[in-house]
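Right, one structure below, let's go through it.
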Amino acid sequence: MTTLRPRYSLARDWLPILVCGIILFVILPQVLSSFQINLLGRFLTYAIVALGLDLIWGYTGMMSLGQGLFFGLGAYCFAMYLNLEAAGKNLPEFMPLYGVTELPWLWQPFHSPIVAIILAVVVPMLVAGLLGFMVFRSRVQGVYFSIITQALTAIVALLLVGQQQLINGTNGITEMRTIFGYKLSDPNTKLALYIITGVVLGAVFILCRFLIRTRFGRLLVAVRDDENRVRFAGYNPVAIKVAVFALSAGIAGLAGALFVPQVGIIAPKQLDITASIEIVIWVAVGGRGSLIGAILGALLVNTGKSVISSARPDIWQFIMGGLFVGVVLLFPKGIVGAIRDLLKRFKPNWRMPASPNLEVETTTLAAGEQQ
Amino acid sequence: MELILSQIFNGVSLGSILLLAALGLAFSFGLMKVINMAHGEFIMVGAYVTYFFQQFIAPALGGENAAKGGLFFILSIPAAFIITGALGYLLEVLIIRRLYGRPLDTLLATWGVGLMLQQLARSYDSRNVPVTSPDWLNGGLMISDALSLPYKRIFIIALVVFCIIGIYYYLYRSPQGRRTRAVMQNREIASVLGVATRRVDVLTFALGAGLAGVAGSALTLLGQIGPQVGTGYIVDAFMVVVLGGVGSLPGTIIAAFTIGIFNTFLEMSTTATLGKVLVFALIIAFLQWRPNGLVAVRSRT
């Protein structure tokens, strides 16, 4: 560790992105079937959420169990637009069933796709910002934060189930036919959605990488490692934490908006606690505190899930449970961390380690006790 | 008037169930800062112990009508305590002990264990199964024509009172409890003074798990049980712990009954879901005022 600042080179920074871009956009569409492209497109939206979670968990040390909720809120926002487009001049198909005769005011903004996308990002950001402000201001830390975000997720899921007239309750929003006038069932539309998702993933990745290299990024890590010291140094940890929580929620909402046209359904069940914790395990498997790791984990776990659970759904639950236990006990730094450790063994001082220090949580815990 | 009385009774009843589910959590959380996400599944295990007692022990106790007599039910409560307690012991020794000082990782690992336990139950039988309540718990105590308090709910309240008295005697009147409180207050000093802190940890965790088992047994009185019987209560139980304050028995008790009563009254005046949302909002608002919960334990760490 001779230099404090890791060396950034143009080749090392951008070449891998170019290679991934070529693989994603040129090679894979040739090789995979339309069904597989659609599936991969869905996994790419998961990778976007994982990036958001990595910012708040891997870098800032706060395990949010609300990412599934933010993802779902984004998905609902965009689903409402798709639903309205499918309905045309009529009411969404489920509303007459519950005796609704007029479009509720909540639905009005979703006639416009642009507004729908903006709301898909802004609504989760507002929810996260508000909850974050309340929670961080009272210095709720560590596992408390996880429990409270988890409770929020559970309660919103419940709330959505109860709103039958507004958003079709448990059944969710399912009636979607076209997007911007293109048929959703058309393979070309699916390919286009896949490519858009890939581009957004790349953009979010570049944004996150930019952020963690700025002063803001260093502050995130500093908050994780010793929040009190950050406070004593004159920064306001509450503002930093609210900002990163809102940002990660916005990223999750954007991913949700990309998810829904590729799947064609969003229901309250898809944003319950289980979904949120699964997002955590993707990042844990890939390697927390590494952006590549977050993407890798999301893609690998979901590929495994779709391969195994289509054959033996009961087995998958055991594997999933084992994954939680195994990763935490054996590979706490995830795949990327394990590879880094391996490389370090052969090439000492190869590069400044950017992986998080796992003793961190002890210090946050101690800090929590000192209040 | 009778409506209010019956709502208060319902609130106390809900609070007692929440308390039963939360006691074990509060124990392990207060002592070890461990979030046990498998707690809901421990509750499920307790419920299934009672179910298996009905299926296998009740016929052995006395033929056809044994289930209605309820002896099996009474016997199954301590059995559920012991069996889930043993499970908790195993979980602590095999996993939690290795994650000491990493509370977020413990949360993930215990969630994994919960997933596996739930799938195990689902592989056995994914349907919900009924447990016959003892005859003497059917019906209710008639206060007036319009107000009757079901015996089942009174039984659960009595069971909670029994558990609390038991915990009180354990914590404040037994040598092991004294050691537990010492570790809760200051782990390092307790260890220096010769308390085997790891042993306290594992016993406390097993005790917390055992209480989950008792909660599971009690839940069989209120409806059918299935692989997901515990998950419905777990989020509320966590809120009880957060509201009550870490490691404080009185705090947990007050928090459980407060949430129970608020919940029933808000649900009565609004809707079931809106009531829950309001309770959550109130808890967040309360934490603004007292971030450490109702009763904060003073400790020097």
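Chain letters run A, B, ... following the sequence lines, proteins first and then strands; every chain starts at 1.
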Would the distance check show the side chain of B:R102 and the main-chain N or O of A:V328 forming a donor-acceptor pair, the cut-off being under 3.5 Å? yes
Run A:Y144 and B:F29 through ring-ring contact (aromatic ring centres under 6.0 Å, His included) and show every step you take. CA-CA 11 Å; A:Y144 278 94; B:F29 192 40; 5.6 Å; yes
Under a 4.5 Å heavy-atom cut-off, does chain A meet the side chain of [X], its backbone, both or neither?
X: B:V277; result: both
X: B:L108; result: both
X: B:I95; result: both
X: B:L120; result: both
X: B:L287; result: both

For B:A109 and A:V325, work out which heavy atoms get closest and say how close. O-CG2, 3.5 Å
Could you check A:I155 against B:V279 for side chain to side chain contact (heavy atoms under 4.5 Å, CB included), going step by step and ending with a plain yes or no? CA-CA 10 Å; A:I155 279 159; B:V279 169; over 6 Å; no
Of the listed residues (A:Q163, A:M320, A:M134, A:Q150), which shares the most heavy-atom pairs with chain B below a 4.5 Å separation? A:M134
Is any side-chain heavy atom of [X] less than 4.5 Å from a side-chain heavy atom of [Y]?
X: A:I277; Y: B:M37; answer: yes
X: A:S146; Y: B:L107; answer: yes
X: B:I284; Y: A:L152; answer: no

In Å, rounded to the nearest 0.5 Å, how long is the span from [atom1] of [X] to [atom2] of [Y]?
X: A:Q317; Y: B:M116; atom1: CD; atom2: CE; answer: 10.5 Å
X: B:F238; Y: A:I148; atom1: CZ; atom2: CD1; answer: 12.0 Å
X: B:D105; Y: A:L329; atom1: CG; atom2: CG; answer: 9.0 Å

[X] versus chain B, heavy atoms under 4.5 Å apart: side chain, backbone, both or neither?
X: A:V143; value: both
X: A:L65; value: side chain
X: A:A151; value: both
X: A:T153; value: neither
X: A:F318; value: both

Within a reach of under 6.0 Å around [atom1] of [X], are more than 12 heavy atoms found that belong to other residues, nucleotides or ligands?
X: B:F286; atom1: CZ; value: yes
X: B:F265; atom1: CZ; value: yes
X: A:R229; atom1: CZ; value: no

Decide yes or no on side chain to side chain contact (heavy atoms under 4.5 Å, CB included) for B:R122 and A:D314, but give the supporting numbers first. CA-CA 8 Å; B:R122 215 173 280 135; A:D314 47 335; over 6 Å; no
Go through the steps for A:I281 and B:W111 under the test side chain to side chain contact (heavy atoms under 4.5 Å, CB included), then give the verdict. CA-CA 10 Å; A:I281 201 64; B:W111 174 266; over 6 Å; no
Sequence neighbours left out, what passes ring-ring contact (aromatic ring centres under 6.0 Å, His included) with B:Y124? Give chain and number order. B:F52
For chain B, which residues from residues 125-132 of chain A lie under 4.5 Å away (heavy-atom distances)? A:L131
Do A:W57 and B:L104 pass the side chain to side chain contact (heavy atoms under 4.5 Å, CB included) test, and can you show the C-alpha distance, the side-chain angles, and the key distance before you say yes or no? CA-CA 10 Å; A:W57 183 39; B:L104 292 180; 4.0 Å; yes
